[in-house]
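Protein chains get the first letters and strands the later ones, always in sequence-line order, with residue 1 at the start of each. The model shown is predicted, which means the values in this text are computed figures rather than measured ones.
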There are 2 protein chains.
Amino acid sequence: MRYGWRARIGHIAPAILDTSAEEFRKLLPDGVLHVGLTISEPIQTLGAEQAAAAFERMVEAGKRLAREQVDAIVCGGAPVALSRGPNGDAELADLLRRETGLPVVTANGAVVDALQLLGARSLVAVSPFLESRNQEIGKFLAASGFRVLATRGLGLVNNIDFATQSAEAAYDLARQTAAAHPEAEAIYIACPRWPVVDIIAALEADTGKPVVAAAAAMVWGALRALGIGKSRPGYGRLLESLRSSAAPPAGRGL
Amino acid sequence: MRYGWRARIGHIAPAILDTSAEEFRKLLPDGVLHVGLTISEPIQTLGAEQAAAAFERMVEAGKRLAREQVDAIVCGGAPVALSRGPNGDAELADLLRRETGLPVVTANGAVVDALQLLGARSLVAVSPFLESRNQEIGKFLAASGFRVLATRGLGLVNNIDFATQSAEAAYDLARQTAAAHPEAEAIYIACPRWPVVDIIAALEADTGKPVVAAAAAMVWGALRALGIGKSRPGYGRLLESLRSSAAPPAGRGL
């Protein structure tokens, strides 16, 4: 049996593949292979011109993934997309779809779809980021129709420090933020570079709220697009929803 | 516990991370994280000038990995290095060491070290490659002091076709080639992009010869450099050798 006999999921990662690749693999079911490609834009401090260049490189990366016979593309770099404004994400996704002909899932887009699937109208959002980036996230979610009750971040400056957190960091921040806003209908955990997937189920159990974590939303979006009706169990309501709702798109029977 | 609490192994991959990242993860013990970065040189059809540019990009990639706090660097792209001649590999490794200050393991260098550790003086080599690349491999191994009794490849032209093989492909080709040269003291399986690690133990059992596969040699080299005294069990003699021989380098007690 070859790797990726069920599907090859291409993943465009800004900068580096460490936590996100590890966590994607935890979620992907048998026969679905992670196919990773990095680009090198310094995404945390991105001006408008750099953002335009980053878009071009992401589209180039998408084309390379298409040549590597991936079945869908997951595009990270949520901050890059948002640096072009709330519509940046949809623009990037459209561009990638047009140039590759493949299903495309962006980090921001998957999160919106996931929150909608879970019926959330209001939420709290947590991240490892500085306040300025949390505000961008809040703006994007508000523009997408959600009531954002709070955004809180660890305030970390360097991306490498996201990757060296323990998963307790996301759990603690999310639990505290949710406790301060008991009316929130969901918890959003931004950024696939700090570890989160191992605490999703516990956080849902302890707060009673559905949790959408960026890495989980990206994998969920790709599996859903490919009509794959399961993921590894134990990673929360969003991924469990694949078991009941999967219906293969026309022309692709998996 | 954070990912990579024991070590972060940086991996420079030419083109794409699919099979190699999957197989590295199978071999890495708990607490050792794969940190991947791709470059985009079209490595199969590389002229001398392109090779020089590829060297520069690999060194850039090494510096980026160092900034991502990796503890060692594994450098793929064996054909890139060999396209500068039999010394190209050592040149690239030296350059990376000098620029990053980190332990550096190259694909070709790890294979030579591994074959020496296993006491092999003669070998057969198999790959998914065309004949011209097999000849380059043969030349390199001969220049490194081994008697190369045969090199055989699947003759595949496109790299993506390496990744979509089943592991039987490497097993069958290696077993046949070894059977035709019973005096060979080892089997070398080149290229980390076709699947191999799951057949190493079976191939050793069935031929009685030690097997050095590129992916396994790269991981072994990195774990050895970091003084990590084990890997996941069941992947052959080379990786099992870590259990008995590990001695932490001075200044690093793991």
Side-chain angles (χ1 to χ4, degrees), chain A residues 1-5 7-26 28 30-42 57 60-61 63-70 158-170 193-199, chain B residues 1-5 7-26 28 31-42 57 60-61 63-70 158-170 192-199:
Chain A
M1 205 107 89
R2 66 182 177 86
Y3 291 122
W5 51 269
R8 292 166 58 84
I9 294 186
H11 176 200
I12 303 171
I16 200 88
L17 281 160
D18 53 4
T19 312
S20 65
E22 198 72 11
E23 300 219 311
F24 275 36
R25 277 189 174 74
K26 285 188 177 178
L28 294 174
D30 283 344
V32 181
L33 184 69
H34 180 263
V35 179
L37 194 149
T38 59
I39 59 171
S40 57
E41 295 299 321
R57 296 185 70 163
E60 273 315 302
K63 289 184 192 171
R64 282 176 57 204
L65 285 172
R67 289 194 293 272
E68 299 289 351
Q69 299 181 8
V70 301
N158 298 312
N159 289 8
I160 178 64
D161 296 327
F162 308 169
T164 55
Q165 299 298 309
S166 291
E168 296 100 271
R193 211 184 163 192
W194 64 337
V196 294
V197 303
D198 289 324
I199 57 94
Chain B
M1 203 106 87
R2 67 182 177 88
Y3 291 122
W5 53 268
R8 292 167 58 83
I9 294 187
H11 175 201
I12 304 170
I16 200 86
L17 280 160
D18 53 5
T19 312
S20 64
E22 198 71 11
E23 299 220 310
F24 275 35
R25 277 187 174 76
K26 285 189 175 175
L28 294 174
V32 181
L33 185 68
H34 179 264
V35 180
L37 194 150
T38 59
I39 59 170
S40 56
E41 295 299 323
R57 297 185 70 162
E60 274 315 303
K63 289 185 191 168
R64 283 176 57 204
L65 284 172
R67 290 195 293 273
E68 300 287 350
Q69 299 181 8
V70 301
N158 298 312
N159 288 8
I160 178 64
D161 296 326
F162 307 169
T164 55
Q165 299 299 308
S166 290
E168 296 100 271
R193 212 184 163 193
W194 64 337
V196 294
V197 303
D198 289 324
I199 57 94

Chain A contact via B/Glu22 - side chain, backbone, both or neither, heavy atoms under 4.5 Å: both

Interface residue of largest heavy-atom contact number with chain B, from A/Arg25, A/Gln69, A/Gln165, under 4.5 Å: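 Most pairs with chain B among the choices: A/Arg25.
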
Donor-acceptor contacts under 3.5 Å from residues 10-19 of chain B side chains, at least two apart:
residue	atom	partner	partner atom	Å
B/His11	ND1	B/His34	NE2	2.9
B/Asp18	OD1	B/Arg193	NE	3.0
B/Asp18	OD2	A/Arg8	NH1	3.4
B/Asp18	OD2	A/Arg8	NH2	2.9
B/Asp18	OD2	B/Arg193	NH2	2.8
B/Thr19	OG1	B/Arg193	O	2.9

Does any heavy atom of chain B fall under 4.5 Å from the side chain of A/Leu37, the backbone, both, or neither of them? both

Tell me, side chain or backbone of A/Glu168 under 4.5 Å from chain B's heavy atoms, or both, or neither? side chain

For the atom pair CD1 (B/Ile39) and CZ (B/Arg64), what is the distance rounded to the nearest 0.5 Å?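 Output value for this atom pair is 10.5 Å.
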
Salt bridge flag under 4.0 Å for residues B/Lys63 and B/Glu60: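 Yes, charged N to carboxylate O under 4.0 Å.
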
State, with a plain yes or no, whether a side-chain heavy atom of B/Pro195 is found less than 4.5 Å away from one of A/Arg2.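 Sidechains of A/Arg2 and B/Pro195: no contact.
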
